[in-house]
Protein chains: 2
Amino acid sequence: MKTASLDALELLFKALADDTRLRILALLAAGEVCVCNIHGALDLPQPTVSRHLAYLRRSGLVSARRDGLWMHYRLALPAAPALAAVLKASLEAVNAASSSTSDRRKLSDLVSIPLKTLNAAAANCCRT
Amino acid sequence: MKTASLDALELLFKALADDTRLRILALLAAGEVCVCNIHGALDLPQPTVSRHLAYLRRSGLVSARRDGLWMHYRLALPAAPALAAVLKASLEAVNAASSSTSDRRKLSDLVSIPLKTLNAAAANCCRT
DNA sequence: GCGCTATATTCGCTTCAACGTATATGGAAA
DNA sequence: TTTCCATATACGTTGAAGCGAATATAGCGC
């Protein structure tokens, strides 16, 4: 097993140690989401969301895909298995939080996908 | 499964998002350790260690036991299963880091316990 | 080219956490 | 009680991180 440095772990935890970023990750657990829908679902100013997404991108926790004007973000598991394991456990814990569900409810309205589908996808995101 | 709030998760990650605290946790993974040996093994000023231990205590990640003049600290798993799972994965990742091993080597000198024993105990600390 | 929209970045400010130093507490031994 | 030792806490300073507001970039349509 590739050994993760303490520094890398510290950076991972710093990235996770913020309420807004945890809420974003919980949304992305359900699949790829557009920036506009993130800031719509979380009801946060667009620059705030953008700054946190940049932070997550620098930390390697998410990746971005451009589609015309829209940017879609999705989860990206770290290369080091130990880090990936930590992240998976963290996502499972985040998914269980009730506020994550209510954020997903709002996202479900915005993208017209049933809440049940989103929740199922989120529950599946950290499998194996 | 008892659901952990996002706030609790954020606090957990804040507690983990510090190099010194990760090194302390890595030592405690090998078992109960006295404050003097922590600041001896990590080669950090005593007030620094004490402050971080207080932080970890407030976060519920460690518990303390007084023995005469000495204070012994040990790991304490959070009550919420989701949080405990995150912590376990984190400890496994921390244990794998090479700097943790060199800290344990120094601890091994201080307490006259073979490094192999400490490493084995640390590897076992997060089992099931 | 121009304007329009979605996203990203910069600026100034405030809040917070870590540090070193010094000091306080709390228990043991004389 | 006095003294000493291990640990904890208080104080003042410093640097990093978050935010709101404003501005910049990047791609699409006209």
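Chain naming here is simple, since letters A, B, ... match the order of the sequence lines and numbering starts at 1 in each. In this text, all values refer to a predicted model and were calculated from it rather than measured experimentally.
- Counting to the nearest Å, the P atom of C:dG27 and the NE2 atom of B:His72 are 14 Å from each other.
- In terms of the side chain to side chain contact (heavy atoms under 4.5 Å, CB included) criterion, residue partners of A:Ala89 (sequence neighbours excluded) are, by chain and number, B:Val86, B:Ala89.
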Restricting to nitrogen or oxygen on both sides, can you table the protein-nucleotides 25-29 of chain D pairs closer than 3.5 Å?
none

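- Residues from residues 31-61 of chain B lying near DNA chain C, meaning a heavy-atom separation below 4.0 Å, are B:Pro45, B:Pro47, B:Thr48, B:Arg51, B:His52, B:Tyr55 in numerical order.
- Other cluster members for B:Trp70: B:Leu69, joined by side-chain heavy-atom distances under 4.5 Å among Ile, Leu, Val, Met, Phe, Trp and Tyr.
- Contacts of A:Arg51 classified as side chain to side chain donor-acceptor pair (under 3.5 Å), with partners at least two apart in sequence or in another chain: none.
- B:Arg58 is linked by a side chain to side chain donor-acceptor pair (under 3.5 Å) to nothing, counting only residues two or more places apart in sequence or in another chain.
- Residues in residues 26-37 of chain B take part in these salt bridge (charged side-chain N to carboxylate O under 4.0 Å, His left out) pairs, two or more places apart or across chains: B:Glu32-B:Arg65, B:Glu32-B:Arg74.
- Here the P atom of nucleotide D:dA17 and the CZ atom of B:Phe13 are 18 Å apart, to the nearest Å.
- The salt bridge (charged side-chain N to carboxylate O under 4.0 Å, His left out) check on A:Asp103 picks up A:Arg23, with sequence neighbours excluded.
- In this structure, the side chain to side chain contact (heavy atoms under 4.5 Å, CB included) partners of A:Asn37, at least two apart in sequence or on a different chain, are A:Val33, A:Cys34, A:Leu107, A:Leu110, A:Val111.
- The distance between atom OH of B:Tyr73 and atom C1' of D:dA6, rounded to the nearest whole Å, is 11 Å.
- Partners of A:Ser108 by side chain to side chain contact (heavy atoms under 4.5 Å, CB included), not counting sequence neighbours, listed by chain and number: A:Leu115, A:Leu118.
- Within residues 14-30 of chain A, no residue has any heavy atom closer than 4.0 Å to DNA chain C.
- Looking at residues two or more places apart in sequence or on another chain, you find a side chain to side chain contact (heavy atoms under 4.5 Å, CB included) between A:Ser5 and A:Asp7, A:Ala8.
- Taking the ring axis of A:Tyr73 as reference, the NZ or CZ atom of A:Arg57 does not stay both within 45° of it and closer than 6.0 Å to the ring centre.
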